[in-house]
Amino acid sequence: MKEHARQARAESRIIGLVPTMGALHAGHLSLIERARRQCSPVIASIFVNPKQFGPKEDFAKYPRTFESDSEKLERAGVDALFAPEPSEIYPERFATYVNVEGLSDKLEGRSRPGHFRGVTTVVMKLLAIVQPNFAYFGRKDAQQSRLITQMARDLNLDTEIVVCPPVREPDGLALSSRNVYLNAEERQAATVLYRSLESAKSELASGVRDALQLQAVLQRTLGAERHARVDYAEIVDAETFEPVVRVSKPCYVLLAVFIGKTRLIDNLYIEPNSSNSEELVFHF
Ligand code: AMP
């Protein structure tokens with residue numbers, strides 16, 4: 001992979017990297033499409049990273065669909081696929097980790113200790129191997145994208161991090177490789193994440209800015225779904241990921257909800273309209 005990327009750099013080509021864990025869906029393919037508009041070659045990686053799964057998490061049963069993934073990537077016009085083995089990425093006596101302090105301990109990091117340290121470490125390694133001009137991540141994983149942007153800045157990386165909007169099913173459910181764990185009833189129940197984001201949006205659109213009031217609306221919508229168990233539902237500052245009291249600057253409504261045994265996340269990004277700061281713009 002290093003040799004391949006070195007060659008592209010020698011030819012002054014613009015390299016784009018799209019890191020994934022496979023089990024590819026239209027969300028992943030939207031990142032590839034975006035990369036293809038800016039870069040050639042576009043390199044995708046598939047690596048189910050053991051270091052970002054907790055001991056009780058789904059590493060062993062995480063969906064692995066390599067054959068159909070590589071077909072999808074080829075059809076999407078990806079120039080190269082990097083699919084290393086865990087033993088190549090983490091050889092014996094591997095000992096160096098990257099951690100974004102503070103930000104990685106909140107919310108997702110609090111519910112999944114060590115998760116983000118695993119994510120930033122593997123992404124740093126992928127960026128070091130490929131040295132792309134651009135690397136593409138999904139805002140569906142809002143905290144992850146924020147952490148990776150921070151890491152790239154803090155470590156003076158020559159890669160520009162591009163964050164892309166989430167792709168959703170027609171009923172609003174954000175595409176996720178983990179959606180295959182849902183049975184038919186749970187799949188129906190899973191729309192509660194999107195529905196609760198919609199309910200927060202309606203409140204905001206009618207003038208509510210108080211975070212506690214918004215949280216109450218989220219909890220009410222989520223609480224009405226018997227298959228749902230809320231891990232967190234928070235309104236946070238989009239920079240610091242600290243809870244806000246009022247929505248007055250760019251914020252995220254962040255959700256992590258168990259549907260049966262499957263843990264799903266979603267978010268709504270809110271920013272003041274630049275021309276009229278009383279008005280908000282919503283990004284699902
Ligand atoms: P994963 O394979 O789940 O690690 O995801 C690989 C990349 O795809 C990450 O940058 C994710 O944020 C992004 N991604 C996952 N789901 C979606 C989605 N529904 N829409 C857009 N990007 C996504």
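Basis for what follows: all heavy atoms, side chains included, without hydrogens, waters or symmetry-related copies. Both ligands and their constituent atoms are indexed starting at 1 by order of listing.
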[X], portion touching ligand 1 at heavy-atom distance under 4.0 Å:
X: R139; result: neither
X: V18; result: neither
X: H28; result: side chain

Residue pairs fulfilling ring-ring contact (aromatic ring centres under 6.0 Å, His included) with at least one residue in residues 52-83, sequence neighbours excluded: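 The answer is F53-F59, F53-Y62.
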If you measure from each heavy atom of [X] to ligand 1, is any distance below 4.0 Å?
X: P165; value: yes
X: P166; value: yes
X: H25; value: yes

Using a strict threshold of under 4.0 Å (side-chain N to carboxylate O), is an ion pair present between [Y] and [X]?
X: K125; Y: E88; result: no
X: D58; Y: R263; result: no
X: K249; Y: E271; result: no
X: R246; Y: D210; result: no
X: R6; Y: E3; result: yes
X: D69; Y: R64; result: no

Reported CD1-to-CZ distance for the pair I148 and F137, which is rounded to 0.5 angstrom: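 It is 4.0 Å, given to the nearest 0.5 Å.
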N or O pair under 3.5 Å between [X] and ligand 1:
X: P19; value: no
X: M21; value: yes
X: G138; value: yes
X: V167; value: yes

Using a 4.0 Å cutoff against the non-hydrogen atoms of [X], which atoms of ligand 1 qualify?
X: F137; value: 10 (O)
X: T20; value: 2 (O), 6 (C)
X: L175; value: 16 (N), 17 (C), 18 (C), 19 (N)
X: K140; value: 16 (N)

F284-Y194 aromatic ring centre distance below 6.0 Å: yes
Distance from atom 14 (N) of ligand 1 to nearest protein heavy atom, with residue and atom: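 Looking at atom 14 (N) of ligand 1, the protein heavy atom closest to it is D141 OD2, 4.3 Å.
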Audit row: Y232, L254, side chain to side chain contact (heavy atoms under 4.5 Å, CB included) steps and yes/no: CA-CA 8 Å; Y232 60 78; L254 293 179; 4.0 Å; yes
